[in-house]
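So you know, we letter chains A, B, ... as the sequences are listed, proteins then strands, and number each from 1.
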Number of protein chains: 2
Amino acid sequence: MSKSNRSELSSDPEFQLITKALGVISGKWRLYIILLLGDQTLRYRQLSEMLPGVSEKVLASELKSLVALGVMKRTAYAEIPPRVEYSLTRKGQLALPILKKIQEIGQIFN
Amino acid sequence: MSKSNRSELSSDPEFQLITKALGVISGKWRLYIILLLGDQTLRYRQLSEMLPGVSEKVLASELKSLVALGVMKRTAYAEIPPRVEYSLTRKGQLALPILKKIQEIGQIFN
DNA sequence: CTGAATCCAGCAGGATACTG
DNA sequence: CAGTATCCTGCTGGATTCAG
């Protein structure tokens with residue numbers, strides 16, 4: 001990483017990229033949820049059951065953020081009872097291999 | 001990621017790895033500091049100057065955490081004035097290529 | 001020079017109840 | 001079924017001062 005001592009860190013393009021990337025993966029459950037979804041399409045209820053101990057509020061807001069970030073897409077069907085499915089976007093799938101690598105870091109420092 | 005519906009998430013080994021990895025990279029500056037150091041050896045003052053806007057307290061505690069995690073090593077010389085140098089451990093260097101990849105995630109979602 | 005100590009604000013994340 | 005609405009708490013990171 002080369003340094004161009006500008007006075008503000010926030011103007012460093014590398015810093016901006018890192019911040020962006022951290023937005024996708026940081027948070028107690030975020031990365032785990034993405035890897036859990038993987039290439040599947042899952043309903044809200046399925047995700048919820050796969051994440052025991054994560055409250056509705058937290059799961060819902062994480063999913064919302066991930067959709068807003070462009071990692072996942074949400075598809076709602078106008079049925080009764082309601083059905084909502086989540087899957088990775090193309091960008092999400094692009095990022096997936098790298099995200100899986102992050103687990104290796106966990107192994108290195110075990 | 002395959003799921004074996006055990007009742008507690010914290011007993012899932014994959015979750016543990018992810019949590020471990022997140023410990024290394026999450027935090028507003030942590031990942032940036034690691035990439036900034038890269039293969040170099042830098043003194044505290046140099047790091048501090050490369051990180052305008054990061055207070056002494058935050059920098060010092062981040063470095064301490066990174067040393068505790070085994071990512072960096074700290075070498076202090078008994079001189080006056082004191083000299084302290086930081087560099088990546090072998091484990092840190094092992095992780096470096098993956099950490100660099102994380103920036104690509106930032107590019108994907110730009 | 002290299003930090004530690006203190007004090008403090010904001011927000012991510014959790015518990016629980018309720019709605020379309 | 002798929003979420004909101006509230007309310008609450010602890011931790012992360014920031015400002016400033018002090019010390020070896």
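Atom CD1 in B/Ile33 sits about 10 Å away from atom P in D/dG13, given to the nearest Å. Per the geometry, CG belonging to B/Leu42 stands 15 Å off C1' belonging to C/dC1, to the nearest Å. Summarising the geometry, the separation between CZ on B/Arg83 and P on C/dC1 is reported as 14 Å, rounded to the nearest angstrom. Following rounding to the nearest Å, A/Leu59 (CG) and D/dT4 (P) show an atom-to-atom distance of 10 Å. Rounded to an integer number of Å, the gap from A/Glu85 CD to D/dG3 C1' is 16 Å. What separates NZ of B/Lys64 from C1' of D/dG13 is a distance of 16 Å, to the nearest Å. Distance CG (B/Leu63) to P (C/dC1): 16 Å, rounded to an integer number of Å. One atom, OH of A/Tyr77, and another, C1' of D/dG3, lie 18 Å apart when rounded to the nearest Å.
Evaluation of the side chain to side chain contact (heavy atoms under 4.5 Å, CB included) rule for B/Arg43 yields B/Gln46, B/Arg83, B/Glu85 as partners, not counting sequence neighbours. Residues forming a salt bridge (Lys or Arg N to Asp or Glu O under 4.0 Å) with A/Lys101 (at least two apart in sequence, or on another chain): A/Glu104.
Take the nearest nucleotide of DNA chain D for A/Pro81 and for A/Ala60: the residue whose nucleotide is more 5' is A/Pro81.
With a 4.5 Å cut-off on side-chain heavy atoms, A/Leu63 and A/Leu47 count as touching.
Checking the phosphate oxygens (OP1, OP2) of C/dT2, a side-chain nitrogen or oxygen of B/Arg43 falls inside 4.0 Å. Under 4.0 angstrom from either OP1 or OP2 of C/dC1 there lies at least one side-chain N or O belonging to B/Arg45.
Across every non-hydrogen atom of B/Ser26 and A/Ser26, the tightest pair is CB-CB, 4.1 Å. The shortest heavy-atom contact between B/Ile25 and B/Arg30 is O-CB, 4.2 Å.
In this pair, A/Tyr32 and B/Phe15 present their aromatic rings perpendicular. The plane angle is above 60°, beyond the 30 to 60° band.
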statement: B/S/- along nucleotides 5-20 of chain C (protein heavy atoms under 4.0 Å) is BB------BBB----B
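A side-chain donor-acceptor contact under 3.5 Å links B/Tyr44 and B/Glu56.
Backbone-only engagement by A/Tyr86 is indicated by non-hydrogen atom pairs under 4.0 Å involving sugar-phosphate atoms exclusively.
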